[in-house]
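Every value quoted in this text rests on a predicted model; they were computed, and no experiment measured them. As the structure lists them, so they are numbered: ligands from 1, and atoms in each ligand from 1.
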Amino acid sequence: MAQEQRLIFIIFGGSGDLAHRKLYPALFKLYVKGYLRQHFAVIGTARRQWSHEYFRQTVMESVVADIGDQEQIASFAQHFYYQSHDVNDAEHYIALKKLSAQLNDQYSAGNNQVFYMAVAPKFFGTVASHINSEHLLNEQGFNRLVIEKPFGRDLASAKALNDSISKTFAEDQIYRIDHYLGKEMVQALPIIRFTNPLLAAVWNNQYISNVQITLSETLGVGERAGYYETAGTLRDMIQNHALQILGLIAMDRPAEFTASAIHDQKSKLFSQLQLYSAEQVDQNFVRGQYGPDAKEYQQGYREADNVADDSNTETFVAGKILIDNDTWQGVPFYVRSGKRLRRKATRVDIVFKPEANNIFATKLAKIVRPRPVVLSLVIEPKQGIQLLLNATTPGNGLRTTLDELRFQPPAASLADSQEAYEKLLIDIVEGNQTNFTNWSEQYYTWRFIDRIRKRWDEVQPDFPNYCSNTFGPEASDQLLKKDSHEWIFGTDYLE
Ligand code: NAD
C-alpha cells in the first residue's frame, strides 16, 4: 500500500478543462491507492461563484466514469473546497491563505502545500507573485509549485516567466509539467538504455546511423484551434515533448538515477544541440500545414473554426537535429510531428549502420542482402519494443529476410498501466522531480527552437502543403533522402 501523504492541494483554474478531465480523475486514483487518505484537502479556485457543494458535484461527475464505487467517490469529494478567485485581486489570495490554514488544521495536513497552475499561461507569473506578496507560503512543511505547459513561447518569455516564479519558489520547489514525461514507456527509456549492456555498448555514432523520433496524430486541431493559432507544432510539440524524448535517448549515462543527475545530463545534452543559421534552418527543418484529404472528406486547417483563412500556423514539423559531442558526432536525429497524419504514434526508431565488413559481399551478394537493423521503442499507441534483424527463413537457403522480434506487455499488465497525470501527481506529492523539466533544460531547448522560429517568421510559407491522411509534405521525405536515409515509420520499411 502506498504511503499516505499529508497536504493541501490548491488548484488555480479549478473549474477548467484540465482540472476536470485530468487532475480530478488522477487525484481520485491517488485516493483509491492510498497516497491520499485522511490528511488532505483540495481547494479549487476559479472566477465563478460556486458553493463547496456545487464544486464537489462537478468533481464527482469528472471521476464517475473511472475506478471506485459511488461511496468512495463521495467521500473523496468531501475533501474538496471552493474559493472564488480573480488572479489579480490581492484580497482573494488573503482569503485563500485563511482557507488553506484552516484546512491544514482540520486535516492535520503537515503545513504542506501544492500550488497547481491550471490557468492560462499569461496568469502564471501573476499568481506566483501574489503567492509571494500575500505570504501564502508556509514556513514549516513543503511548498511546491506545479506549472502547466507551455513554459513560455520563446526564450525571452520563458526567461521572464522563470524570473517571476523564481522570486517566490526555489528550483527544487518547481515542477514544470511535460506530460510526455509521465508516460510509462518514456519513463522506461533510461531502464532500457542503462540496464541492457548489449544496447549500452552500441549506443553511439560507431554503430548508430540515425535516430527518428515521430509524434504523429491523426486528429486535426478540433476545438483547440484558438490556442493552436498562437502556438503551432514547433512550440506545441517539438520544443518540449520531442526534445525531451531526444534528451532521454541521447543523454550520457548519469552517475546515479536521481532527479538532479538526470537533469544535469539532459541539460548538458541540450546545450550541445547544434544551433542553426537561417540557411541551415532552411536546409534542416521543414514545416507544413494540412489541407483537406484527397477525397475532401475532411476539411483543411484553414477551414477550421477560429482559424484565419490565410493562417500560416504550422501543423507539421520535420527536422534534422545534430548534437555536438563525441558520442553523436555525425548522427542525425530526425524529429517529426504533425496533425492529421495517416497514423497515430509516438515512437523512436533507431537505425543501425550496416556491418562494415560484409563477408557476403562478393559471392553471395545477390541473395544475402542485409538491410539496416532497426530498434523501435514504441511509446504509443501500444507500448513495446521491436527489433528488426537480418535473418533467414527455413527453406530459403541463405536468402536474407528482415525478421521482427517484438515485445509487447501482456494485456493484463496493460490494464494496470498508469495514466501520465496519475504518475506525475504521485511524483508531486512524494517530492520527486525526475519526470519534470528544470530551468536549464527549458533554456537550452528554447535557445535551439528560437533560431528556427525566427527564420520561419521571416519567410512566408506556401501553405497548405500536405493532404490530410498522409505523412506530411514531400519535403519531409526529401529531408532524409538527401542523407540517403528514409523514414522507418509510415513507409514500406515496416509494412
Ligand atoms: P480552461 O480555459 O478550461 O480553464 C481555465 C481556468 O482558469 C478556469 O477554471 C477559469 O475559471 C480560470 N480563470 C480564467 N481567468 C481567470 C482569472 N482572471 N482569475 C482566476 N481564474 C481564472 O483551460 P484548461 O484547458 O483547463 O488549461 C489550463 C492550463 O493547462 C493552461 O495553461 C493550458 O495551457 C494547460 N494545459 C491544458 C491542457 C488540456 O488538456 N486542457 C493540456 C495541456 C496543458
Q: If the plane angle is over 60° it's perpendicular, under 30° parallel, otherwise tilted; pick one for Phe12 and Phe115.
A: parallel
Q | Residues that Glu71 engages under side-chain contact (heavy atoms from CB on, under 4.5 Å), provided they are two or more places apart | A | Asp69
Q. Cation over ring, Lys183 on Tyr180, under 6.0 Å and within 45°?
A. yes
Taking a 3.5 Å cut-off between nitrogen or oxygen atoms, can you list every pair linking ligand 1 to the protein, with distances?
| from | atom 1 | to | atom 2 | distance (Å) |
| --- | --- | --- | --- | --- |
| ligand 1 | 3 (O) | Asp17 | N | 2.9 |
| ligand 1 | 9 (O) | Gly13 | O | 3.4 |
| ligand 1 | 9 (O) | Ser15 | N | 3.2 |
| ligand 1 | 9 (O) | Ser15 | OG | 2.7 |
| ligand 1 | 9 (O) | Gly16 | N | 3.2 |
| ligand 1 | 11 (O) | Ser15 | OG | 3.2 |
| ligand 1 | 15 (N) | Arg47 | NE | 3.3 |
| ligand 1 | 19 (N) | Val87 | N | 3.0 |
| ligand 1 | 26 (O) | Asp17 | N | 3.2 |
| ligand 1 | 26 (O) | Leu18 | N | 2.8 |
| ligand 1 | 32 (O) | Val119 | O | 2.7 |
| ligand 1 | 34 (O) | Lys149 | O | 2.9 |
| ligand 1 | 40 (O) | Arg21 | NH2 | 2.6 |
| ligand 1 | 41 (N) | Asp17 | OD2 | 2.7 |

**Q.** Atom CG of Asp457: over 12 foreign heavy atoms under 6.0 Å
**A.** yes
Q) Looking at residues at least two apart in the chain, or sitting in another chain, which of them share a side-chain contact (heavy atoms from CB on, under 4.5 Å) with Leu341? A) Ser216, Phe316, Tyr466
Without placing hydrogens or testing angles, list every side-chain donor-acceptor pair under 3.5 Å for residues 4-11, not counting sequence neighbours.
| from | atom 1 | to | atom 2 | distance (Å) |
| --- | --- | --- | --- | --- |
| Glu4 | OE1 | His39 | ND1 | 3.3 |
| Glu4 | OE2 | Gln38 | N | 2.9 |
| Glu4 | OE2 | His39 | N | 2.9 |
| Glu4 | OE2 | His39 | ND1 | 3.1 |
| Gln5 | NE2 | Gln3 | O | 3.3 |
| Arg6 | NH1 | Ser108 | O | 2.8 |

